[in-house]
Amino acid sequence: MRVFNFSAGPSVLPLSVLEKAAKEITDANGTGQSVMEMSHRSKDFVPIIEKTESLLRDIMKIPANYKVLFLQGGAWTQFAMVPLNLGAVEFGAPRKKATYIDSGIWATKSAEEAAKYVDVTIGASSADRSYRAIPAVPPHNPNDDYYHFVYNNTLVGTKWPSIPDTGSVPLVSDISSFILSEPLDVSKFGLLYAGAQKNLGPAGTTLVIVREDLVGRAPSWVPTMLQYKTHAAEASLFNTPPCYGIYMIGLVLEWLQEQGGAEAMGQRNREKAELLYACLEESKFFHSPVEKSSRSLMNIVFFPRESDPEKCKDIENRFVKEAAAAGLVNLAGHRLMGGLRASIYNAMPIEGVKALIDFIKKFELSL
Ligand SMILES: *Cc1c(COP(=O)(O)O)cnc(C)c1O
(Lines give C-alpha, C1' and ligand atoms only; values in the text may rest on other atoms or scores of the structure.)
Protein backbone atom coordinates (compact mmCIF):
# COMPACT_ATOMS: atom_id res chain seq x y z
CA MET A 1 0.00 0.00 0.00
CA ARG A 2 1.23 3.53 -0.83
CA VAL A 3 1.39 5.89 2.14
CA PHE A 4 0.99 9.66 2.22
CA ASN A 5 4.62 10.75 2.54
CA PHE A 6 5.17 14.16 4.17
CA SER A 7 8.98 13.96 4.05
CA ALA A 8 10.86 17.26 3.53
CA GLY A 9 13.28 15.56 1.13
CA PRO A 10 13.82 13.25 -0.59
CA SER A 11 10.09 13.43 -0.92
CA VAL A 12 6.96 12.15 -2.60
CA LEU A 13 6.93 11.74 -6.40
CA PRO A 14 3.81 11.47 -8.58
CA LEU A 15 2.61 7.87 -8.72
CA SER A 16 2.12 8.02 -12.49
CA VAL A 17 5.78 9.07 -12.88
CA LEU A 18 7.00 6.13 -10.79
CA GLU A 19 4.79 3.77 -12.81
CA LYS A 20 6.09 5.11 -16.12
CA ALA A 21 9.69 4.75 -14.88
CA ALA A 22 8.92 1.20 -13.76
CA LYS A 23 7.51 0.35 -17.17
CA GLU A 24 10.62 1.72 -18.89
CA ILE A 25 13.12 0.31 -16.40
CA THR A 26 14.54 -2.32 -18.76
CA ASP A 27 13.62 -0.78 -22.12
CA ALA A 28 13.30 3.00 -22.48
CA ASN A 29 11.74 4.35 -25.69
CA GLY A 30 12.26 1.06 -27.52
CA THR A 31 16.05 1.28 -27.20
CA GLY A 32 16.31 -2.12 -25.52
CA GLN A 33 18.20 -0.45 -22.66
CA SER A 34 17.49 1.10 -19.33
CA VAL A 35 18.32 4.82 -19.08
CA MET A 36 20.76 3.68 -16.36
CA GLU A 37 22.72 1.74 -18.97
CA MET A 38 23.00 4.43 -21.64
CA SER A 39 26.16 6.30 -22.51
CA HIS A 40 25.57 9.96 -21.67
CA ARG A 41 26.84 10.91 -25.13
CA SER A 42 24.69 8.41 -27.02
CA LYS A 43 21.91 9.20 -29.47
CA ASP A 44 19.59 7.53 -26.96
CA PHE A 45 20.43 9.74 -23.97
CA VAL A 46 21.11 13.15 -25.53
CA PRO A 47 17.43 13.61 -26.55
CA ILE A 48 16.45 12.84 -22.93
CA ILE A 49 18.57 15.63 -21.43
CA GLU A 50 17.54 17.98 -24.24
CA LYS A 51 13.86 17.25 -23.66
CA THR A 52 14.21 17.73 -19.90
CA GLU A 53 15.86 21.11 -20.44
CA SER A 54 13.31 22.28 -22.99
CA LEU A 55 10.37 21.24 -20.77
CA LEU A 56 11.92 23.17 -17.88
CA ARG A 57 12.49 26.23 -20.10
CA ASP A 58 8.85 26.08 -21.22
CA ILE A 59 7.29 25.57 -17.83
CA MET A 60 9.47 28.14 -16.00
CA LYS A 61 9.53 30.55 -19.00
CA ILE A 62 13.32 30.74 -18.72
CA PRO A 63 14.65 33.55 -20.95
CA ALA A 64 17.06 32.59 -23.76
CA ASN A 65 20.01 34.39 -22.13
CA TYR A 66 20.04 31.91 -19.21
CA LYS A 67 21.89 28.59 -19.08
CA VAL A 68 20.27 25.54 -17.52
CA LEU A 69 22.80 23.21 -15.85
CA PHE A 70 22.26 19.73 -14.43
CA LEU A 71 24.98 19.26 -11.81
CA GLN A 72 25.72 17.09 -8.80
CA GLY A 73 26.71 17.73 -5.19
CA GLY A 74 23.38 19.05 -3.88
CA ALA A 75 22.46 22.55 -2.83
CA TRP A 76 25.42 22.39 -0.44
CA THR A 77 27.88 22.43 -3.36
CA GLN A 78 26.09 25.53 -4.65
CA PHE A 79 26.70 27.19 -1.28
CA ALA A 80 30.36 27.09 -2.43
CA MET A 81 29.98 27.37 -6.23
CA VAL A 82 27.99 30.60 -6.01
CA PRO A 83 30.72 32.53 -4.15
CA LEU A 84 33.51 30.75 -6.07
CA ASN A 85 32.02 31.87 -9.39
CA LEU A 86 30.43 35.23 -8.55
CA GLY A 87 32.68 36.55 -5.79
CA ALA A 88 36.07 34.88 -5.61
CA VAL A 89 39.12 36.74 -6.97
CA GLU A 90 42.60 35.89 -8.24
CA PHE A 91 45.25 35.56 -5.50
CA GLY A 92 46.23 38.94 -4.08
CA ALA A 93 43.25 40.88 -5.51
CA PRO A 94 40.94 42.72 -3.08
CA ARG A 95 38.02 40.56 -1.93
CA LYS A 96 34.56 41.13 -3.39
CA LYS A 97 31.36 41.64 -1.40
CA ALA A 98 28.02 39.88 -1.07
CA THR A 99 24.95 40.32 1.10
CA TYR A 100 23.21 37.27 2.58
CA ILE A 101 19.84 37.37 4.29
CA ASP A 102 19.67 35.03 7.26
CA SER A 103 16.13 33.65 7.16
CA GLY A 104 16.82 30.13 8.42
CA ILE A 105 19.39 27.41 8.92
CA TRP A 106 20.17 26.82 5.23
CA ALA A 107 20.63 30.57 4.80
CA THR A 108 23.09 30.59 7.72
CA LYS A 109 25.02 27.66 6.26
CA SER A 110 25.21 29.23 2.82
CA ALA A 111 26.53 32.50 4.29
CA GLU A 112 29.17 30.66 6.35
CA GLU A 113 30.37 28.78 3.29
CA ALA A 114 30.45 31.96 1.18
CA ALA A 115 32.51 33.81 3.81
CA LYS A 116 35.46 31.58 2.88
CA TYR A 117 35.64 33.30 -0.52
CA VAL A 118 33.92 36.71 -0.28
CA ASP A 119 33.26 39.42 2.30
CA VAL A 120 29.79 38.56 3.49
CA THR A 121 27.43 41.07 5.08
CA ILE A 122 24.36 39.65 6.82
CA GLY A 123 21.83 42.16 5.53
CA ALA A 124 19.12 41.07 7.96
CA SER A 125 18.38 38.11 10.20
CA SER A 126 15.35 36.68 11.96
CA ALA A 127 17.47 34.41 14.20
CA ASP A 128 16.34 36.42 17.24
CA ARG A 129 12.76 35.38 16.43
CA SER A 130 13.68 31.70 15.89
CA TYR A 131 13.27 32.36 12.14
CA ARG A 132 9.48 32.42 12.44
CA ALA A 133 9.20 35.25 9.94
CA ILE A 134 11.18 36.51 6.94
CA PRO A 135 13.15 39.52 8.24
CA ALA A 136 12.51 43.02 6.91
CA VAL A 137 15.41 43.83 4.61
CA PRO A 138 17.29 47.15 4.38
CA PRO A 139 17.97 48.77 0.99
CA HIS A 140 20.55 46.76 -0.97
CA ASN A 141 24.17 47.83 -1.19
CA PRO A 142 24.89 48.82 -4.83
CA ASN A 143 28.58 47.88 -4.33
CA ASP A 144 27.77 44.22 -3.71
CA ASP A 145 28.77 41.64 -6.30
CA TYR A 146 25.63 39.64 -5.55
CA TYR A 147 22.77 39.28 -3.05
CA HIS A 148 21.65 35.88 -1.74
CA PHE A 149 18.45 34.67 -0.11
CA VAL A 150 16.72 31.32 0.48
CA TYR A 151 13.27 31.60 -1.07
CA ASN A 152 11.48 28.91 0.89
CA ASN A 153 12.99 27.94 4.25
CA THR A 154 12.39 24.21 4.41
CA LEU A 155 13.23 23.67 8.09
CA VAL A 156 11.36 26.57 9.62
CA GLY A 157 8.45 26.69 7.17
CA THR A 158 8.73 30.24 5.86
CA LYS A 159 8.60 31.74 2.37
CA TRP A 160 9.53 35.20 1.13
CA PRO A 161 6.33 37.18 0.48
CA SER A 162 8.00 39.02 -2.41
CA ILE A 163 11.31 39.20 -4.26
CA PRO A 164 13.71 41.88 -2.95
CA ASP A 165 14.64 44.62 -5.42
CA THR A 166 18.43 44.77 -5.77
CA GLY A 167 18.69 47.00 -8.84
CA SER A 168 21.62 45.85 -10.95
CA VAL A 169 23.17 43.68 -8.18
CA PRO A 170 22.65 40.05 -9.27
CA LEU A 171 20.02 38.34 -7.15
CA VAL A 172 20.81 34.73 -6.23
CA SER A 173 18.34 32.37 -4.60
CA ASP A 174 18.30 28.85 -3.21
CA ILE A 175 14.95 27.58 -4.50
CA SER A 176 15.44 23.92 -3.48
CA SER A 177 12.03 23.66 -1.79
CA PHE A 178 10.32 26.40 -3.82
CA ILE A 179 10.99 25.50 -7.44
CA LEU A 180 7.82 25.05 -9.51
CA SER A 181 5.56 25.29 -6.47
CA GLU A 182 4.17 28.47 -8.06
CA PRO A 183 5.16 30.76 -10.97
CA LEU A 184 8.49 32.61 -10.64
CA ASP A 185 9.85 35.46 -12.78
CA VAL A 186 13.30 34.06 -13.63
CA SER A 187 14.34 37.32 -15.32
CA LYS A 188 14.57 39.01 -11.91
CA PHE A 189 17.46 36.71 -10.93
CA GLY A 190 21.11 36.33 -11.80
CA LEU A 191 21.21 32.75 -10.59
CA LEU A 192 18.83 30.17 -9.14
CA TYR A 193 19.71 26.75 -7.75
CA ALA A 194 17.83 23.76 -6.38
CA GLY A 195 18.56 20.24 -5.25
CA ALA A 196 16.16 18.00 -7.17
CA GLN A 197 14.98 15.92 -4.23
CA LYS A 198 12.26 18.28 -2.97
CA ASN A 199 10.04 19.13 -5.91
CA LEU A 200 11.75 17.89 -9.07
CA GLY A 201 12.79 14.26 -8.83
CA PRO A 202 15.10 11.89 -6.98
CA ALA A 203 18.21 13.04 -5.10
CA GLY A 204 21.43 13.29 -7.11
CA THR A 205 20.80 16.15 -9.52
CA THR A 206 21.25 19.83 -8.71
CA LEU A 207 19.69 22.32 -11.06
CA VAL A 208 21.33 25.67 -11.74
CA ILE A 209 19.77 28.42 -13.86
CA VAL A 210 22.32 31.16 -14.49
CA ARG A 211 22.31 34.34 -16.59
CA GLU A 212 24.97 34.12 -19.30
CA ASP A 213 26.91 37.21 -18.23
CA LEU A 214 27.56 35.57 -14.82
CA VAL A 215 29.11 32.44 -16.34
CA GLY A 216 32.89 32.58 -16.69
CA ARG A 217 33.68 34.92 -13.81
CA ALA A 218 35.48 32.35 -11.63
CA PRO A 219 39.19 32.98 -11.06
CA SER A 220 41.57 30.45 -12.60
CA TRP A 221 42.34 28.62 -9.31
CA VAL A 222 38.73 27.42 -8.88
CA PRO A 223 38.59 23.65 -9.59
CA THR A 224 37.40 22.88 -13.13
CA MET A 225 34.34 20.96 -11.91
CA LEU A 226 33.27 23.91 -9.73
CA GLN A 227 33.25 26.49 -12.53
CA TYR A 228 29.89 27.13 -14.19
CA LYS A 229 31.76 27.82 -17.43
CA THR A 230 32.89 24.18 -17.61
CA HIS A 231 29.34 22.84 -17.57
CA ALA A 232 27.73 25.66 -19.57
CA ALA A 233 30.18 25.16 -22.44
CA GLU A 234 29.33 21.43 -22.70
CA ALA A 235 25.54 21.57 -22.07
CA SER A 236 26.01 19.67 -18.76
CA LEU A 237 27.91 16.88 -20.56
CA PHE A 238 31.47 17.86 -19.57
CA ASN A 239 31.67 14.70 -17.49
CA THR A 240 29.05 12.05 -16.75
CA PRO A 241 25.93 13.80 -15.48
CA PRO A 242 23.36 12.12 -13.20
CA CYS A 243 21.65 10.55 -16.25
CA TYR A 244 18.88 8.64 -14.53
CA GLY A 245 17.99 11.58 -12.28
CA ILE A 246 17.75 13.87 -15.31
CA TYR A 247 15.43 11.36 -17.01
CA MET A 248 13.24 11.27 -13.87
CA ILE A 249 13.10 15.08 -13.74
CA GLY A 250 11.92 14.94 -17.35
CA LEU A 251 9.07 12.61 -16.38
CA VAL A 252 8.11 14.85 -13.44
CA LEU A 253 8.09 17.90 -15.75
CA GLU A 254 5.86 16.10 -18.26
CA TRP A 255 3.47 15.33 -15.41
CA LEU A 256 3.64 18.93 -14.22
CA GLN A 257 2.81 20.22 -17.68
CA GLU A 258 -0.19 17.88 -17.92
CA GLN A 259 -1.37 19.25 -14.57
CA GLY A 260 -1.41 22.78 -16.01
CA GLY A 261 2.13 24.00 -15.26
CA ALA A 262 3.39 26.37 -12.57
CA GLU A 263 0.18 28.46 -12.42
CA ALA A 264 -2.00 25.41 -11.75
CA MET A 265 0.53 24.12 -9.22
CA GLY A 266 0.50 27.46 -7.41
CA GLN A 267 -3.28 27.41 -7.19
CA ARG A 268 -3.37 23.83 -5.95
CA ASN A 269 -0.57 24.39 -3.46
CA ARG A 270 -2.28 27.47 -2.05
CA GLU A 271 -5.49 25.50 -1.64
CA LYS A 272 -3.69 22.62 0.11
CA ALA A 273 -1.75 24.92 2.46
CA GLU A 274 -4.80 27.03 3.31
CA LEU A 275 -6.74 23.94 4.36
CA LEU A 276 -3.95 22.83 6.67
CA TYR A 277 -3.26 26.28 8.16
CA ALA A 278 -7.02 26.76 8.74
CA CYS A 279 -7.12 23.44 10.58
CA LEU A 280 -4.21 24.59 12.79
CA GLU A 281 -5.88 27.97 13.47
CA GLU A 282 -8.98 26.18 14.70
CA SER A 283 -7.09 23.54 16.65
CA LYS A 284 -7.07 23.68 20.44
CA PHE A 285 -3.94 21.50 20.67
CA PHE A 286 -1.70 22.54 17.78
CA HIS A 287 -0.64 25.83 16.25
CA SER A 288 1.58 27.23 13.52
CA PRO A 289 4.30 29.45 15.04
CA VAL A 290 5.02 31.12 11.70
CA GLU A 291 3.94 34.72 11.09
CA LYS A 292 1.08 34.77 8.58
CA SER A 293 2.81 36.90 5.93
CA SER A 294 5.81 34.53 5.87
CA ARG A 295 4.09 31.15 5.73
CA SER A 296 5.42 28.49 3.38
CA LEU A 297 3.06 26.63 1.07
CA MET A 298 5.45 23.67 0.94
CA ASN A 299 6.62 23.00 4.51
CA ILE A 300 4.03 23.47 7.21
CA VAL A 301 5.57 23.50 10.66
CA PHE A 302 3.36 23.10 13.71
CA PHE A 303 3.74 22.58 17.44
CA PRO A 304 1.55 21.41 20.29
CA ARG A 305 0.16 24.39 22.25
CA GLU A 306 1.31 22.56 25.42
CA SER A 307 3.92 24.67 27.27
CA ASP A 308 5.56 21.93 29.38
CA PRO A 309 8.48 20.80 27.16
CA GLU A 310 8.30 17.18 28.30
CA LYS A 311 4.57 16.83 27.73
CA CYS A 312 5.06 18.61 24.43
CA LYS A 313 7.68 16.07 23.30
CA ASP A 314 5.38 13.22 24.38
CA ILE A 315 2.53 14.57 22.28
CA GLU A 316 4.84 14.98 19.28
CA ASN A 317 6.19 11.43 19.57
CA ARG A 318 2.72 9.98 19.92
CA PHE A 319 1.47 12.03 16.97
CA VAL A 320 4.29 10.87 14.68
CA LYS A 321 3.86 7.23 15.69
CA GLU A 322 0.08 7.09 15.42
CA ALA A 323 0.07 9.04 12.15
CA ALA A 324 2.54 6.55 10.66
CA ALA A 325 0.29 3.68 11.74
CA ALA A 326 -2.53 5.45 9.86
CA GLY A 327 -0.41 5.69 6.68
CA LEU A 328 0.75 9.31 7.13
CA VAL A 329 4.54 9.19 7.37
CA ASN A 330 7.52 11.47 8.04
CA LEU A 331 5.72 14.12 10.08
CA ALA A 332 8.47 14.80 12.64
CA GLY A 333 9.98 18.30 12.52
CA HIS A 334 13.63 18.81 11.57
CA ARG A 335 16.02 17.46 14.20
CA LEU A 336 17.33 20.99 14.87
CA MET A 337 13.89 22.61 15.11
CA GLY A 338 11.68 20.03 16.84
CA GLY A 339 7.91 20.14 16.52
CA LEU A 340 6.04 18.63 13.61
CA ARG A 341 6.29 19.35 9.91
CA ALA A 342 4.16 18.36 6.96
CA SER A 343 5.91 18.89 3.63
CA ILE A 344 3.24 19.07 0.96
CA TYR A 345 5.19 19.39 -2.28
CA ASN A 346 3.62 19.38 -5.76
CA ALA A 347 3.23 15.59 -5.79
CA MET A 348 1.26 15.49 -2.52
CA PRO A 349 -2.38 15.15 -3.58
CA ILE A 350 -5.06 17.17 -1.81
CA GLU A 351 -6.41 13.84 -0.53
CA GLY A 352 -3.20 13.48 1.51
CA VAL A 353 -3.71 16.89 3.10
CA LYS A 354 -7.34 16.07 3.86
CA ALA A 355 -6.30 12.76 5.40
CA LEU A 356 -3.81 14.61 7.62
CA ILE A 357 -6.48 17.10 8.71
CA ASP A 358 -8.85 14.26 9.59
CA PHE A 359 -6.06 12.61 11.53
CA ILE A 360 -5.28 15.82 13.49
CA LYS A 361 -8.96 16.13 14.44
CA LYS A 362 -9.19 12.52 15.57
CA PHE A 363 -5.90 12.76 17.45
CA GLU A 364 -7.13 15.78 19.39
CA LEU A 365 -10.23 13.94 20.50
CA SER A 366 -8.00 11.20 21.91
CA LEU A 367 -5.85 13.62 23.98
C1 LIG B 1 17.33 20.49 1.38
C2 LIG B 1 17.86 21.86 1.25
C3 LIG B 1 19.24 22.11 1.17
C4 LIG B 1 20.28 21.02 1.25
O5 LIG B 1 20.33 20.35 0.07
P6 LIG B 1 21.38 19.18 -0.30
O7 LIG B 1 20.94 18.84 -1.67
O8 LIG B 1 21.18 18.10 0.71
O9 LIG B 1 22.74 19.76 -0.25
C10 LIG B 1 19.65 23.41 0.98
N11 LIG B 1 18.77 24.43 0.90
C12 LIG B 1 17.43 24.23 1.02
C13 LIG B 1 16.50 25.40 0.94
C14 LIG B 1 16.94 22.95 1.19
O15 LIG B 1 15.62 22.75 1.29
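Counting convention: from 1, in listed order, for ligands and their atoms alike. Values below: all heavy atoms of this structure, side chains included; hydrogens, waters and symmetry mates excluded.
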| Crowding at CZ, Arg335 (>12 non-hydrogen neighbours, <6.0 Å) | no

| message | Side chains of Asp174 and Ser176 only: does a donor on one sit below 3.5 Å from an acceptor on the other? | response | yes

| request: Please answer: with hydrophobic residues joined when any side-chain heavy atoms are less than 4.5 Å apart, are Tyr100 and Val172 in the same cluster? | output: yes

| said: For Glu90, I'd like to know if atom CD has over 12 heavy atoms of other residues, nucleotides or ligands within 6.0 Å. | reply: yes

Filter the ligand 1-protein atom pairs down to N or O on both sides and distance under 3.5 Å, then list them.
| from | atom 1 | to | atom 2 | distance (Å) |
| --- | --- | --- | --- | --- |
| ligand 1 | 7 (O) | Ala75 | N | 3.1 |
| ligand 1 | 7 (O) | Gln197 | NE2 | 2.9 |
| ligand 1 | 9 (O) | Ala75 | N | 3.1 |
| ligand 1 | 9 (O) | Trp76 | N | 2.9 |
| ligand 1 | 11 (N) | Asp174 | OD2 | 2.6 |
| ligand 1 | 15 (O) | Thr154 | OG1 | 2.4 |
| ligand 1 | 15 (O) | Lys198 | NZ | 2.5 |

| request: Inspect the contact between Glu182 and Arg270 and indicate whether a charged nitrogen and a carboxylate oxygen are less than 4.0 angstrom apart. | output: no

| said: Can you confirm whether Lys354 is buried at NZ, in the sense that more than 12 heavy atoms of other residues, nucleotides or ligands lie under 6.0 Å from that atom? | reply: no

